[in-house]
Amino acid sequence: MPLLDFWKASPASVAQVSIDQIVSSAGDGMLRDGSFCATELRDYLSQVASEKIAGYIEHCLSVSFNKSGMVLQDLVNELGRRLDYKVTNGRYQGTTTAIGFDGIWSSPEGRGIVLEVKTTDAYRISLDTIAEYRSKLTGSGQISNTSSILIVVGRNDTGELEAQVRGSRHAWDVRLISADALLKLVQIKENAEGQDTGAKIRSLLTPMEYTRLDKMIDVMFTAAKNVEVAAAAAEVEEDSDQDQSEYGQKEEKGVWQFTEPELLQSKREQILAAIAQQMSTGLIKKSRALFWDASHADRIVCTLSKRYLKKGSYAYWYAYHPQWLEFLEGGLRGFLALGCMDREFAFVIPASEIKPILEALNTTTTKDGHTYWHMHIVETLPGSYSLLMPKKSTTLALDPFRVGL
């Protein structure tokens, strides 16, 4: 059975398989340039969670197996895609007729990166040769004139390469990062919601004052984790209309009851797994609430609500943000998934059903000028649910959009 078919049929079984076994199962099992094995491996990597990518990288670096360096190259390129670069995979082995590079990353901001992947810094590399690749790629129009070089090293001990870069004439065109730090950047982006987060992260990978970025990234990673709960509380307090949010509910003046982030994440994973199975596709995380398939054609916004029992409260409450609408409209198929923390189902509503009703929903504008819509779900009959449209004094029946988990 082809790798992708096996994975879709039995994802739990594939999850237990090591990356070298995955490679053996892809195509004819012979990883080389232009092979079906390479194509199927890359297709598979584009559809698995970033946490799985991290595990595969760790395996490549800790276990010696045939062509582990080639696999690491594909894994690092996939991390580039998770940071919203348009990625062109390079060749595994150089030839005299092709420009040698491990990958080309083109950012939405118009900057290009020539990628070089190394398992270790045990051996010196020719920076002149990589710079020549970049010059040829620029000359052929494959990257912009503002491109730079990014060296990704598998292991954290990069002292030799750092010294080599600092002492070369290419110091201001080359940046160096460990695979672990690159993974942290992906994690920060996937757990954030702000539209500018990705752009700020990508700016770290282009030339700046520092040669190695790990310390700066460690600070960002720690800070992001420390402010996560505070940011959630701030978001809650912005909602003065119903005293409700994804994170919790104000039970009395000044007192909030929060849902544990781990429970929210677990419920999201359940919902995404059910949607992926129904759509026969793999969904990967773009940000905290946004998901898409490898082609970015299928897109999901997944937001959650606890059941509110306070007298006068609606059963479930959600905020719907303009950037979510823009995200869904950018694909071929878009769905808004409204999850209920106390129910084994979610409402998966096509984007085409959402846009026409927005004018009938109440809105809130925050102090910084951000406006979002309120979505309130009520139980009209036992086990039957509807979305309120208060400005038109009507409802949208949600039962047709119910998906079991």
Side-chain angles (χ1 to χ4, degrees), residues 1-11 13-83 85-105 113-123 125-126 129-130 133 137 142 150-155 177-180 182-183 186 281-282 284 293-295:
M1 179 184 292
L3 173 59
L4 290 177
D5 291 342
F6 179 37
W7 175 66
K8 290 176 181 178
S10 184
S13 298
V14 177
Q16 305 302 316
V17 177
S18 65
I19 186 60
D20 49 321
Q21 293 172 310
I22 292 289
V23 174
S24 299
S25 302
D28 60 2
M30 301 297 292
L31 190 60
R32 58 187 182 278
D33 288 308
S35 67
F36 181 57
C37 176
T39 299
E40 194 167 36
L41 174 64
R42 291 167 180 172
D43 285 346
Y44 167 75
L45 295 178
S46 73
Q47 299 184 49
V48 300
S50 297
E51 292 80 4
K52 182 60 66 176
I53 299 292
Y56 290 155
I57 289 176
E58 175 61 29
H59 187 83
C60 285
L61 298 174
S62 60
V63 178
S64 178
F65 64 93
N66 188 34
K67 299 186 178 179
S68 60
M70 296 181 182
V71 178
L72 181 63
Q73 179 178 313
D74 282 341
L75 290 166
V76 171
N77 274 317
E78 183 55 36
L79 292 181
R81 293 186 179 93
R82 304 297 166 99
L83 293 173
Y85 286 96
K86 181 180 179 182
V87 175
T88 300
N89 289 82
R91 295 183 60 84
Y92 296 126
Q93 295 179 312
T95 68
T96 57
T97 58
I99 303 174
F101 58 88
D102 289 345
I104 297 174
W105 295 5
I113 285 177
V114 179
L115 179 71
E116 182 74 13
V117 181
K118 295 295 179 185
T119 303
T120 175
D121 75 337
Y123 306 99
I125 62 176
S126 174
T129 299
I130 302 173
Y133 293 158
L137 290 168
Q142 297 184 60
L150 179 66
I151 302 174
V152 179
V153 183
R155 297 184 175 87
I177 189 170
S178 69
D180 182 62
L182 191 61
L183 281 163
V186 171
T281 189
I284 56 177
D293 69 347
S295 70

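The chain is numbered in sequence order, starting from 1.
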If you compare all heavy atoms of [X] against all heavy atoms of [Y], which two are closest, and at what distance to 0.1 Å?
X: Glu40; Y: Gly27; value: OE1-N, 2.7 Å
X: Glu78; Y: Arg82; value: OE2-NE, 2.8 Å
X: Asp33; Y: Gly90; value: OD1-O, 4.4 Å
X: Ser13; Y: Val17; value: O-CG2, 3.5 Å
X: Cys60; Y: Ile19; value: SG-CG2, 4.2 Å
X: Ser46; Y: Ala294; value: OG-CB, 3.2 Å

Please check this pair: side chain of [X] against backbone of [Y], looking for a donor-acceptor N/O pair closer than 3.5 Å.
X: Asp102; Y: Val117; answer: yes
X: Asn89; Y: Asn77; answer: no
X: Ser25; Y: Gln21; answer: yes
X: Ser68; Y: Ser64; answer: no

Rounded distance (nearest 0.5 Å) linking atom [atom1] of [X] with atom [atom2] of [Y]:
X: Leu75; Y: Met70; atom1: CG; atom2: CE; answer: 13.5 Å
X: Leu137; Y: Ile104; atom1: CG; atom2: CD1; answer: 4.5 Å
X: Ile57; Y: Thr119; atom1: CD1; atom2: OG1; answer: 11.0 Å
X: Tyr92; Y: Lys67; atom1: OH; atom2: NZ; answer: 9.0 Å
X: Lys52; Y: Gln47; atom1: NZ; atom2: CD; answer: 14.5 Å
X: Leu4; Y: Asp43; atom1: CG; atom2: CG; answer: 5.5 Å

Begin from the C-alpha positions of Arg81 and Ile284 and carry the test side chain to side chain contact (heavy atoms under 4.5 Å, CB included) through to its verdict. CA-CA 11 Å; Arg81 293 186 179 93; Ile284 56 177; over 6 Å; no

Side chains of [X] and [Y]: closer than 4.5 Å at any heavy-atom pair?
X: Val63; Y: Asp20; answer: no
X: Leu182; Y: Leu83; answer: yes
X: Ile22; Y: Trp7; answer: no

Ile130/Phe101 under side chain to side chain contact (heavy atoms under 4.5 Å, CB included): CA gap, chis, key distance, verdict: CA-CA 8 Å; Ile130 302 173; Phe101 58 88; over 6 Å; no

Relative to the ring of Tyr56, is the ring of Tyr44 parallel (under 30°), tilted (30 to 60°) or perpendicular (over 60°)?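 Ring orientation of Tyr44 relative to Tyr56: tilted.
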
Residue pair Val71, His59: steps toward the side chain to side chain contact (heavy atoms under 4.5 Å, CB included) verdict: CA-CA 10 Å; Val71 178; His59 187 83; over 6 Å; no

Apply side chain to side chain donor-acceptor pair (under 3.5 Å) to Ser178 and Asp180, showing your working. CA-CA 5 Å; Ser178 69; Asp180 182 62; 5.1 Å; no

